[in-house]
Amino acid sequence: MFSLNPHSSGRHFLQIPGPTNVPDRVLRAIDQPTIDHRGPVFGALGLEVLAGIRQVFQTQGPVVIYPSSGTGAWEAALVNTLSPGDRVLMAETGHFASLWRKLAGRLGLEVDFLEGDWRHPADPVAIGARLAADAQHRIKAVCVVHNETSTGVTSDVAAVRAAIDRAAHPALLMVDTISSLGSIDYRHDEWGVDVTVAGSQKGLMLPPGLSFNAVSAKALAAADTARLPRSYWDWREMLGPNERGYFPYTPSTNLLYGLHEALAMLREEGLAQVYARHRRHGQATRLAVQAWGLELLSLDPAAHSPALTAVLMPPGHSADALRKAVLERYDMSLGQGLGKLADRVFRIGHLGHFNDLTLCGALAGVEMGLAAAGVPHRAGGMQAAMEFLKS
């Protein structure tokens with residue numbers, strides 16, 4: 001049987017920012033016989049999950065569910081609403097914003113990329129200025145990553161919406177919530193988002209394999225005239241069968257069982273409590289990092305992510321060497337640095353199915369790993385987090 005570490009006992013600590021730990025309840029829900037995806041039992045399941053996921057997006061509009069990774073939902077957002085040669089305005093907040101930009105270019109879109117330093121959130125003022133200068137309304141969409149998984153920086157979506165409105169610009173607003181949905185407060189309708197992209201493997205506590213588009217009426221209207229090729233991703237093909245709980249092609253039946261259970265868990269805890277728990281764990285983790293004398297990658301306190309923390313290594317020290325020491329000695333996985341942050345940062349995930357004791361175990365592993373890898377630091381990070389959690 002495959003094992004991450006055949007010589008260790010106990011559970012592996014998966015502290016990357018996603019995929020996250022899958023609760024036993026969700027695993028048991030997935031572990032059921034596959035049923036007829038055209039039969040009445042599946043139809044009832046489909047209606048329940050389609051209604052339940054709307055509550056997490058905080059929308060009254062439709063949510064389309066794809067059997068895909070989040071990358072598929074990125075593509076679906078663009079191809080359903082835009083035409084070849086359309087211009088999109090994107091904010092560079094990190095590795096995943098850069099990947100979304102690359103995908104848009106491959107689809108034949110012109111990308112106006114607002115450069116960033118990967119340490120700050122999307123700048124609503126810069127977005128508003130770029131839109132105000134676009135008198136001919138060539139920009140058809142503004143694309144922002146809500147919570148940049150590579151950096152631990154969260155952008156203010158409501159402020160971006162306000163900037164678009166002040167510019168009186170008709171561009172669609174598209175937001176990636178792949179590492180924030182179910183972890184950080186998000187309001188599709190209230191914030192005037194047109195397409196929200198999400199994935200199953202982070203705050204929703206599922207394995208990878210499902211992705212989502214929450215869609216506004218304005219985005220649906222744009223789909224009527226959009227000319228980018230689409231077939232598998234076509235919202236129109238989805239929305240008809242979805243009215244009865246079905247899908248136009250074979251869905252990920254057993255993952256939908258898991259989604260049904262995950263949505264029940266979020267309802268039982270209450271979304272407000274879920275978001276508060278993530279904020280507490282984010283603050284406790286940052287206190288630990290500061291006590292170690294290490295540097296947070298995120299420089300704007302208002303933009304520190306409740307879902308993950310990215311930590312800069314001291315000069316001359318390897319984040320990958322630290323991660324290797326933590327994995328081999330303590331059977332814990334930390335997130336690696338991505339793109340231009342490779343080997344420069346490690347990322348601590350504290351999202352999804354997670355509690356105070358899980359966080360304490362993760363921080364203990366990091367503190368012991370810092371010593372094992374010979375990284376200069378002060379002791380007491382875990383103690384600082386514990387004192388905060390006790391208070």
Side-chain angles (χ1 to χ4, degrees), residues 1-4 10-35 37 41-58 63-70 72-73 147 149 177-184 186 196-212 214 245 247 250-278 281 306-308 331-333 335 349-359 361-362:
M1 180 179 177
F2 174 76
S3 174
L4 288 170
R11 280 198 174 189
H12 174 72
F13 266 60
L14 183 67
Q15 302 309 144
I16 62 176
T20 60
N21 299 290
V22 180
D24 288 342
R25 278 179 60 177
V26 173
L27 289 172
R28 297 292 79 79
I30 293 171
D31 185 19
Q32 296 185 57
T34 301
I35 60 174
H37 61 288
V41 174
F42 182 88
L45 170 69
L47 288 173
E48 288 190 21
V49 297
L50 288 164
I53 195 63
R54 288 199 293 271
Q55 296 174 20
V56 183
F57 281 98
Q58 299 194 59
V63 177
V64 177
I65 304 177
Y66 296 104
S68 80
S69 69
N147 187 70
T149 319
T177 66
I178 290 172
S179 64
S180 58
L181 190 76
S183 303
I184 304 172
Y186 184 78
T196 300
V197 172
S200 60
Q201 73 274 19
K202 298 182 187 281
L204 292 179
M205 305 177 290
L206 290 160
L210 294 179
S211 69
F212 309 87
F247 294 78
T250 308
S252 299
T253 307
N254 288 54
L255 285 178
L256 292 173
Y257 290 156
L259 177 59
H260 186 272
E261 191 67 21
L263 292 171
M265 293 177 68
L266 290 172
R267 283 195 302 271
E268 289 164 14
E269 185 175 357
L271 285 177
Q273 288 72 29
V274 170
Y275 302 146
R277 168 167 57 82
H278 283 81
H281 290 156
L308 72 131
D331 199 18
M332 181 169 75
S333 294
H350 35 78
L351 71 162
H353 188 54
F354 204 80
N355 61 27
D356 289 3
L357 291 182
T358 313
L359 180 61

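If you read the sequence from its start, that first residue is 1, and numbering goes on from there. Computed over heavy atoms, backbone and side chain alike; hydrogens, waters and symmetry mates excluded.
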Would you check if [X] and [Y] make a side-chain contact, meaning some heavy-atom pair closer than 4.5 Å?
X	Y	answer
K202	T149	yes
I65	L256	yes
P17	S179	no
P207	I30	yes
I184	H278	no
L308	N147	yes
Q201	T20	no
F247	F42	yes

When rounded to the nearest 0.5 angstrom, what is the spacing between [atom1] in [X] and [atom2] in [Y]?
X	Y	atom1	atom2	answer
H353	E269	NE2	CD	10.0 Å
M205	L263	CE	CG	8.0 Å
L359	R277	CG	CZ	11.0 Å

Could you walk me through whether I178 and F212 satisfy the side chain to side chain contact (heavy atoms under 4.5 Å, CB included) test, starting with their C-alpha distance in whole Å, then the side-chain angles of each, then the deciding distance to 0.1 Å, before giving a yes or no? CA-CA 9 Å; I178 290 172; F212 309 87; over 6 Å; no

Polar side-chain atom of [X] near backbone of [Y] as donor-acceptor pair, under 3.5 Å:
X	Y	result
H350	P306	yes
S211	G70	no
E48	L45	no

Any idea which heavy atoms bring [X] and [Y] closest together, and the distance?
X	Y	answer
G182	V274	O-CG1, 3.2 Å
Q15	M332	CG-SD, 3.6 Å
Y186	T196	OH-OG1, 2.7 Å
L255	P208	CD1-O, 3.9 Å
L351	A307	CD2-O, 3.3 Å
F57	A214	CD2-CB, 3.6 Å

Run the side-chain hydrogen bond (donor to acceptor under 3.5 Å, both in side chains) test against E261 and tell me which residues pass, sequence neighbours left out. R25

Are N254 and T34 close enough that a side-chain donor and a side-chain acceptor fall under 3.5 Å? yes

Please assess F354 against H281 for the test ring-ring contact (aromatic ring centres under 6.0 Å, His included), listing each intermediate value before the final yes or no. CA-CA 9 Å; F354 204 80; H281 290 156; 5.4 Å; yes

I'd like to know whether L206 forms a side chain to side chain contact (heavy atoms under 4.5 Å, CB included) with L259, so could you lay out the CA-CA distance, the side-chain angles of the two residues, the decisive distance to 0.1 Å, and finally the verdict. CA-CA 7 Å; L206 290 160; L259 177 59; 3.8 Å; yes

Apply side chain to side chain donor-acceptor pair (under 3.5 Å) to Y66 and S252, showing your working. CA-CA 8 Å; Y66 296 104; S252 299; over 6 Å; no

Side chain to side chain contact (heavy atoms under 4.5 Å, CB included) assessment of N21 paired with R11: CA-CA 11 Å; N21 299 290; R11 280 198 174 189; over 6 Å; no

Using the side chain to side chain contact (heavy atoms under 4.5 Å, CB included) rule, take L266 and L204 through it: C-alpha gap first, then chi angles, then the decisive distance, then the call. CA-CA 8 Å; L266 290 172; L204 292 179; 4.0 Å; yes

Show your reasoning for whether side chain to side chain donor-acceptor pair (under 3.5 Å) applies to H12 and D331. CA-CA 6 Å; H12 174 72; D331 199 18; 2.9 Å; yes

